[in-house]
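Everything below concerns the one structure shown next.
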Amino acid sequence: MRVSQFPISTLREVPADAEVISHQLMMRAGLIRKVAAGLYTWMPYGVRVLRKVEAIVREEMNRAGAVEIFMPSVQPGELWQESGRWVQYGPELLRFKDRHEREFCYGPTHEEIITDLARRELSSYRQLPINFYQIQTKFRDEVRPRFGVMRSREFIMKDAYSFHLTQASLQQTYDAMYEAYVRIFTRLGLDFRPVAADNGSIGGSGSHEFHVLAASGEDDIAFSDRSDYAANIEMAEALAPVGERAAPTEAMHLVDTPDTKTIQALVDNFGLPVEKTIKTLIVAASDQVDADFVALLVRGDHELNEIKAEKQPEVAAPLCFATEAEIRAAIGAGPGSLGPVNLPLPVIVDRAVAVMSDFGAGANREAKHYFGINWERDLPLPRVADLRNVKPGDPSPDGQGSLSIVRGIEVGHVFQLGRKYSEAMNANVLDENGKAQAMLMGCYGIGVTRVVAAAIEQNHDDSGILWPPAMAPFQVVIAPLNLKKSSAVQQQAEALYQQLLARGVEVLLDDRDLRPGVMFADQELLGIPHRVVVSERGLQAGELEYKARSGGDAVKVVVDEIESFLREKLA
RNA sequence: CGGGGCGUAGCGCAGUUUGGUAGCGCACCACAAUGGGGUUGUGGGGGUCGGAGGUUCAAAUCCUCUCGCCCCGACCA
């Protein structure tokens, strides 16, 4: 393409509302323009990048045996009523009515549509397994869209749905999708990790997220330094500490602790090691227990894991923290003075808490704490469970090495759905005995638009974007200097352009006749991997100049050798 | 959803406290010079000051309502 016909629309200044680097660079490089909160127009260069990602996703999906279809983005509410999600989904689901007052929604995902398709099209186990996919625009009315296309409301997603008679078959396709995802993100040139994720009620290895590692990620990923164990922090098990609880050495005593409402204050004011303190969190109880609230105890330096907490039978789901007023009404003391001694509520303690001795905690009386508390001597040990988030340095749950925690951007998710939708919507096939069976389903998503942002988060420098070659909008840019005044430059630039085009190279000819500084700055901001400068000065020596976006010095290449030189670089 | 902030030219911002009829930089248009890292000069075009209502001789500025956008929080008792 020629820039004169394929306009570059760069911005010199950063738009005020762009916070993360990928959003800033996508705006500055003219890849996207904002239309409204969480809604973007993709500009010419941005679209080229998107198509690159889509092409790789398509190739690998096809290679893995998936079949492409294309479903509507607008979906009838009726199907969502049937699956039960019309009620469940909440305000993230954008709903509206057509002129006949029928209810519709803009699809945030397509389980209902695909399950409806499957029950119409699939009637025999002989048609299974099958894996349908599409690349579609979705809409989720996010509470807080942010970070540009990283968390936008409208986005492009590749979603696949597989159908099976048996768990073994589902597992096989699941594994194939897992492998396909590894290939896709590897080909895209991203630094990523598949991580075990929360998979709700389905057990086993039923769910993995694929995360691109980047500091701006919204998820915490725990991974082992000695094995390939990796898990979303929501999922990572905090093992019980090794060794027995130490024997008590002090008597339990009541201490006046005015103005001591936080763990930090307890540590600062009384010199108590933080590992000897306890946080007492009060949450709503489920109807399985005869109380309104349940107390959850974690060590002072640990964090409660809400997913783990929610899975406790005594705890109401979704997790709901008691208000200060509720705490005072139930216990007679406020937050900051709570503890397990004389607590009139069911209690669950974290594994780490269970092995503590001589510890301090609130006395359930204003401005008083007990120090020197010991389980089984001063009070019985309540039920023990894994309640906390793992921290860096914790032993890996697979027994190998210790955990590090990094931030990740979720770009893919593979998930075994089981029969949730097929049962709700009667998607059955006949098995070899002629008996109707609800199909097992898997679903597999990739956030195509988010992949673009994640790639930039991971690949940029002070001048702009550094595309992995597989995603770059163009491979080579020709930068002619003083184009309008030098017919030699003009002819050589044009000749090289035609030559590369004929070779099928994705080449951009910057025919804007700008000053070199401006031109170079734009090209670098856009992140085109290879640059060839055509100048009067160089041509007099019979040379062109090559420079890689990724770094290194510019090198002179004699005109006749440029094509083979580039071929080597592009290989 | 709770808290905070911001809406003035395409972008980034000043002007609002103390009311007097809108400005700067970049971008854009024209001409000229310059021509290897965002060059320079001259001359231009562009704004219902988010919207509605009110106060006033007079409102970007004060008041009320409204819309939009952004940030933080929504475990740490």
Side-chain angles (χ1 to χ4, degrees), chain A residues 9-20 23-24 27-28 30 33-39 90-91 143-148 233-234 257 260-267 274 277-283 293 295-310 315 318-324 326-328 330-331 333-340 343 350 361-364 366 369 387-389 391 462-464 479-486 489 512-525 531 533-539 544-545 547 554 556:
Chain A
S9 39
T10 53
L11 255 35
R12 206 147 155 184
E13 283 172 289
V14 181
D17 57 5
E19 201 193 350
V20 296
H23 187 193
Q24 294 175 359
M27 291 294 294
R28 285 229 292 135
R33 288 289 182 252
K34 184 163 91 166
V35 175
L39 301 177
V143 193
R144 202 180 145 199
R146 58 185 144 173
F147 305 150
I233 196 154
E234 293 173 350
T257 52
T260 307
K261 295 235 176 243
T262 63
I263 296 292
Q264 193 58 47
L266 202 56
V267 170
V274 73
T277 63
I278 279 189
K279 280 198 277 209
T280 304
L281 303 138
I282 310 298
V283 301
F293 300 103
L296 305 175
L297 270 57
V298 296
R299 213 168 73 183
D301 57 331
H302 286 159
E303 292 176 4
L304 182 73
N305 178 309
E306 297 193 20
I307 305 277
K308 292 176 182 176
E310 211 172 278
V315 174
L319 191 73
C320 176
F321 283 84
T323 65
E324 181 161 350
E326 286 169 340
I327 292 172
R328 286 186 188 282
I331 300 168
S337 303
L338 304 180
L343 186 65
D350 181 64
N364 302 321
E366 272 319 295
H369 281 71
L387 292 178
R388 71 176 176 95
N389 281 335
K391 339 195 280 181
D462 291 345
S463 312
L481 303 190
N482 222 343
L483 183 72
K484 294 278 152 61
K485 284 199 182 161
S486 166
V489 166
R512 291 180 295 177
D513 193 34
L514 293 175
R515 298 183 71 85
V518 180
M519 205 155 75
F520 295 162
D522 270 355
Q523 296 163 357
E524 284 161 13
L525 180 56
R531 180 182 84 193
V533 176
V534 182
S535 70
E536 184 86 356
R537 205 171 71 190
L539 289 180
L544 301 169
E545 180 194 283
K547 191 169 189 304
K556 312 265 186 225

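Here is how names work: the chains are called A, B, and so on, in the same order as the sequence lines, proteins then strands, and each is numbered from 1.
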Is E536(A) side chain donor-acceptor paired with the G35(B) base, going by distance under 3.5 Å alone?
no

Contact state string [nucleotides 67-77 of chain B, B base, S sugar-phosphate only, - no protein heavy atom under 4.0 Å]
--SSSB--BBB

Atom pairs under 3.5 Å, N or O on each side, protein against nucleotides 23-25 of chain B: can you list them with distances?
from   : atom 1 : to     : atom 2 : distance (Å)
G25(B) : N2     : E13(A) : OE1    : 2.7

Using only heavy-atom distances, decide whether a donor-acceptor pair under 3.5 angstrom links the side-chain of R28(A) to the base of G12(B).
no

Between L343(A) and I331(A), does a side chain to side chain contact (heavy atoms under 4.5 Å, CB included) hold up when you go through it step by step?
CA-CA 7 Å; L343(A) 186 65; I331(A) 300 168; 3.8 Å; yes

Counting C-beta onward and ignoring hydrogens, is there a side-chain heavy-atom pair between F293(A) and I327(A) closer than 4.5 Å?
no

Could you list all N or O pairs between the protein and nucleotides 42-51 of chain B that sit under 3.5 Å apart?
none

Is a salt bridge present between E536(A) and K485(A), judged by a nitrogen-to-oxygen distance below 4.0 Å?
no

If you compare every side-chain N and O of R515(A) against the phosphate oxygens of G35(B) (OP1, OP2), does one of them come in below 4.0 Å?
no

So, taking the atom named NE2 in H23(A) and the one named CZ in R146(A), what distance separates them when rounded to the nearest 0.5 Å?
13.0 Å

With a non-hydrogen cut-off below 4.0 angstrom, is R531(A) in contact with a base, only sugar-phosphate, or nothing?
base

Scan Q523(A) against the nucleic acid and name what it touches under 4.0 Å (heavy atoms): base, sugar-phosphate only, or nothing.
nothing

Could you please name the option among G37(B), G12(B), G36(B) that lies closest to any side-chain atom of P15(A)?
G12(B)

Just checking D513(A): base, sugar-phosphate only, or nothing, at a heavy-atom cut-off of under 4.0 Å?
base

Inter-residue atom distance H302(A).NE2 - L387(A).CG, 0.5 Å rounding:
11.5 Å

Identify the nucleotide, in any strand shown, that forms a Watson-Crick or G-U wobble pair with U17(B), with both distances under 3.5 Å; if there is none, say none.
none

So do D522(A) and R512(A) actually touch side chain to side chain, heavy atoms under 4.5 Å?
yes

Heavy-atom donor-acceptor pair, E303(A) side chain to R388(A) backbone, under 3.5 Å
no

Using a heavy-atom cut-off of 4.0 Å across all strands, would you classify V14(A) as base, sugar-phosphate, or nothing?
sugar-phosphate

So, does N364(A) use its side chain to make a donor-acceptor pair with the main chain of A333(A) at under 3.5 Å?
no

